[in-house]
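Bear in mind that the values here come from a model prediction, so they are computed numbers and not experimental data. No hydrogens, no waters, no symmetry mates; every other heavy atom, side chains included, goes into these values. For ligands, and for the atoms within them, numbers begin at 1 and follow the listed sequence.
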Amino acid sequence: MSRKWVYDFTEGDGKNKKLLGGKGANLCEMTQIDLNVPPGFVITTEACLAYLDDPERRLPEGVMEQVHANLAAVEKKTGRTFGGREKPLLVSVRSGSAISMPGMMDTILNLGLNSQTLLGLINGTGNDRFGYDAYRRFIQLFGKVALGVPEEKFDTEFEAVKQKAGVKHDVDLSTSDLTDICDRFLKVVQLFTHKPFPTDPYEQLEIAIKAVFNSWMGKRAIDYRREFKITPEQANGTAVNVVAMVFGNMGNDSATGVGFTRDPGTGENVMFGEYLVNAQGEDVVAGIRTPKPVAAMAQELPKQFNELMELRRKLEAHYKEVQDFEYTIEKGTLYCLQTRNGKMNATALVRTSVEMVKTGLIDKRQALLRINPEMLNQLLFPRLDPKNSSKPVAKGLPASPGAAIGIAVFDADRAEKLGRTGERVILVREETKPEDIHGFFASQGILTSRGGKTSHAAVVARGMGKPCVSGAEGITVDIHLKVARVGDTEFYEGDLITIDGTTGLVYLGEVPMIEAEFSPELETILSWADEVAQLQVMANADTPEDSVRALKYGAMGIGLCRTERMFNGVERLPIMVEMIIAETKEDRIAALGKLLPIQREDFKQIFEVMAPRPVTIRLLDPPIHEFLPTEKQLVDEIKELKNLRETIRGMRVLTDAAHFMNLSEIKSKIQGFTDPELVDTVIAKKETMLKKVRALHEVNPMLGHRGVRLGLTFPEIYEMQIRAVLEATAECLKAGIEVHPEIMVPQVCTAQELKRVKEWVLEIQKSVEKAYGLALKFKFGSMLEVVRACMRADNLAEEAEFFSFGTNDLTQATFSFSREDAENKFLPMYNLSNILQDNPFEVLDVKGVGRLMEQAVKWGRQVRADMKVGICGEHGGHPASIIFCHKIGLSYVSCSGPRVPIARLAAAHAVLLEKI
Ligand code: ADP
Ligand code: MG
Ligand code: MG
């Protein structure tokens, strides 16, 4: 006996999506919980892989036999015969892999029709219009999907007949028009394939099954998997579902529709979707006619509407997740044809999570886990400033929320090309098709002039979290002339437009945007996350303003405050430069004396904002030449200054005759005069700087004189910073503000370095305590960003009360990659050819860098059991890296403000996933 390749819907395991594909597994599951699904069966993904493996592309042995046997069962259940002249059975042949890839693979409807069965269909229904309508659809889909006939060839004929008949919509075509179309379509196929259209239903079926299998390796599907990083472990091969046809195109008591159990754009708990009366399959999503919102069905087909609401309830109760489903009503009977978990944007995910917990459908744990932390990014998207006074030029449907600005581009290829150059692009189309997918990736947003909220454009944009306005019917798009007309204005390719997917409004030009606000639901979710998480989430913030923002995002403290940014202010940099170019220690101390109050004030403000949360301040880290101009810049400036000096000298000669001039003449000459001596002073200063820049030149600055190395060479700098921190602390304490400062030393590689700095700290502490008459409490700790520091973590732990992994530097050091060079020169190639799976500067390399971290944590805690350990590199905001940080027992992660919510959710996931 051959392997089992085929499962009837009554027997397939609804949990086994890898074997049956998502669509197939759910068809089985729905059948088994007694929802009204037409009978059918699934051919497994294993059959697909075996088929694709065979160089001669034959179906594996046993497949067609099992198909026959299962088809017999379907015939029995429906009382129809496949290929029968009376009561013919028609089927759909549908793709479906483990991960849904909407629109990427192909489906054929009404299979089993030929001139004989067509008559049977017509006799059985007494409806010849319907018969020919089904037939023309079949020839077209089969021709396109199974025989590779270009779609335009059918479209041209279809339009020709519509024009001849003088009608706008397919439903207005008469039976004889449809007959004409069928004849033309058959000719199209014959002309293109040089063979008559296959008439044997079993032959049709076999060709169709192979075509669906082949579509797994089609360009569209491959691109999609690459873009969404769908690996073979997640989905390998497509299943084929063979399903008895039910007909939504049998008249006005028939319909077809798609819907979500809740609104996938807002999360609101109402059925969301659209339907079309007297239509079949793809009609709703293809934008053939503009579909009606599902609410209209309450009047039009009230009984079926109630059944639909009942179906909606059952689906959610069973799957405990918002469902995206397809249904057809055939002469008043409702059938469910597909369901899957609904793809929602972050707003909807968050809202439904909260509401589904409130009604007891799911628990908090499930509510948190169903939100991918990275999705929260969308909520931090800007939206249009509600105060803007711009007038919209058109209104379409709010198909995917959020606002986007970009230049209008009318085709996907151009959008891709321009997007690659960094241009912000809005893809503008009449309607989109699966072939346009690459244009979506490249665009900020999508605008279509046709199609509903379940049109292709809307569904795909929502899946990607990109703003979309669909069906903006006021806009006429001419893709050939690359212009769109709206009323009496128009916009061309390259013109800036703004779309608002939340309201459906379209604007010419750029409309101001504002930052997103936290919804109460998001606050709820994040508070649940905080209850569960063990890791604390801190923010990297360098200024009081940053700190305010970090608090808004829910930071539990500041994990990294970089003091260098504070020196870059306009009034500060000159003092910093003065300090750097100082020839003597005295001069340097004088300059530092001016910086001290400034820095103390910064710290004080940050402490006040964050009180009583901890604030970790890192002493100066970058090489000091970063505060000076470049050598070339100085050389050029000096040259110009010298020229200027000569000009001024020349003018002085001229004014030696000033005693011949009258007063106003002299005044006008003197005005704009500069003293050449003054220019000389400037030149001298610049020359000192130049000398300094040359002296400071390093072959490899990232590995050079920076961090604690610099601190130890010029103790005055760190002493000033330490004093600023401690005095700010003292002042806050005096003002009754609770502060928890932490002083962190960068670039440490030996305990001796820490020891020296610590001595200064203790000394300054004494002096500050004395001056202010109070006792200071703070922590002293070390960055771990040098490999040696990790290896000596136990020794460092004798000096340091906390560690913070600087994984940017640590990654560079562990790989011996300099980031810029790596990312510009060879990392993309490494990733493409799978030498390295990810960019280690984005995704923490747990196998190498992570292993080092794990050891360092262990060694550090051997000496100091309660050692606080965190991470403050960019990785601190990356969900997968956060999960790893949790695993190795870190106490906190620190990341940029806007990533704090993502990190909070990821920290909760880390705990929840551990328990599974
Ligand atoms: P996709 O994965 O692209 O959604 P489907 O396999 O779901 O493709 O089918 C395309 C369309 O045809 C859908 O609207 C679906 O509801 C409809 N359809 C599929 N099978 C049948 C059937 N047996 N009877 C009626 N309509 C069907
Ligand atoms: Mg479908
Ligand atoms: Mg660093």
Derivation and outcome, salt bridge (charged side-chain N to carboxylate O under 4.0 Å, His left out), residues Arg226 and Asp223: CA-CA 5 Å; Arg226 183 180 320 118; Asp223 284 352; 3.7 Å; yes
Nearest protein heavy atom with distance in Å, relative to [atom]:
{"atom": "atom 18 (N) of ligand 1", "answer": "Leu109 CD2, 3.5 Å"}
{"atom": "atom 19 (C) of ligand 1", "answer": "Arg94 NE, 3.3 Å"}
{"atom": "atom 10 (C) of ligand 1", "answer": "Glu282 OE1, 3.5 Å"}
{"atom": "atom 25 (C) of ligand 1", "answer": "Val246 O, 3.0 Å"}
{"atom": "atom 5 (P) of ligand 1", "answer": "Lys23 NZ, 3.3 Å"}
{"atom": "atom 17 (C) of ligand 1", "answer": "Gly281 CA, 3.8 Å"}

Chi angles and distances behind the salt bridge (charged side-chain N to carboxylate O under 4.0 Å, His left out) call for Arg262, Glu268: CA-CA 6 Å; Arg262 301 184 190 213; Glu268 197 188 343; over 6 Å; no
With heavy atoms of [X] as the reference, note each atom of ligand 1 found under 4.0 Å away.
{"X": "Gln338", "result": "4 (O), 7 (O)"}
{"X": "Val243", "result": "23 (N)"}
{"X": "Ser92", "result": "19 (C), 20 (N), 21 (C), 22 (C), 23 (N)"}
{"X": "Glu326", "result": "4 (O), 7 (O), 13 (C), 14 (O), 15 (C), 16 (O)"}

Listed by chain and number, what are the side-chain contact (heavy atoms from CB on, under 4.5 Å) partners of [X], not counting sequence neighbours?
{"X": "Gln116", "value": "Arg85, Asn114"}
{"X": "Ala346", "value": "Met375, Gln378, Leu379"}
{"X": "Glu206", "value": "Leu59, Met64, Lys210"}

4.0 Å heavy-atom contact, Ala244 with ligand 1: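 Contact check Ala244 vs ligand 1: positive.
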Passing option when Asn249 is tested against Asp133, Thr328, Asn127 for side-chain hydrogen bond (donor to acceptor under 3.5 Å, both in side chains):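 Of Asp133, Thr328, Asn127, side-chain hydrogen bond (donor to acceptor under 3.5 Å, both in side chains) with Asn249 is met by Asp133 alone.
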Lys144 and Glu151 ion-paired at < 4.0 Å: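 Counted as a salt bridge, because a side-chain N and a carboxylate O are separated by less than 4.0 Å.
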When you measure from the side chain of [X] to the backbone N and O of [Y], does any donor-acceptor pair fall under 3.5 Å?
{"X": "Arg94", "Y": "Asp106", "answer": "no"}
{"X": "Thr45", "Y": "Lys18", "answer": "yes"}
{"X": "Ser97", "Y": "Gly237", "answer": "no"}

Near the Mg ion (ligand 2) (cut-off under 2.8 Å), count of protein N, O or S atoms: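 Considering protein N, O and S only, the Mg ion (ligand 2) has 3 within range.
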Tyr51 six-ring centre to Arg57 NZ/CZ under 6.0 Å and within 45° of normal: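 Geometry flag: set, cation within 6.0 Å and 45°.
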Residues Phe130, Phe247; criterion ring pair (Phe, Tyr, Trp, His ring centres under 6.0 Å); working and verdict: CA-CA 9 Å; Phe130 156 69; Phe247 300 100; 4.9 Å; yes
Leu337 N/O under 3.5 Å from ligand 1 N/O: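 Between Leu337 and ligand 1, no N or O pair is found under 3.5 Å apart.
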Option whose closest heavy atom lies nearest to atom 8 (O) of ligand 1, chosen from Asn249, Thr256, Thr107, Val93: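 Going through Asn249, Thr256, Thr107, Val93 one by one, Thr107 has the nearest heavy atom to atom 8 (O) of ligand 1.
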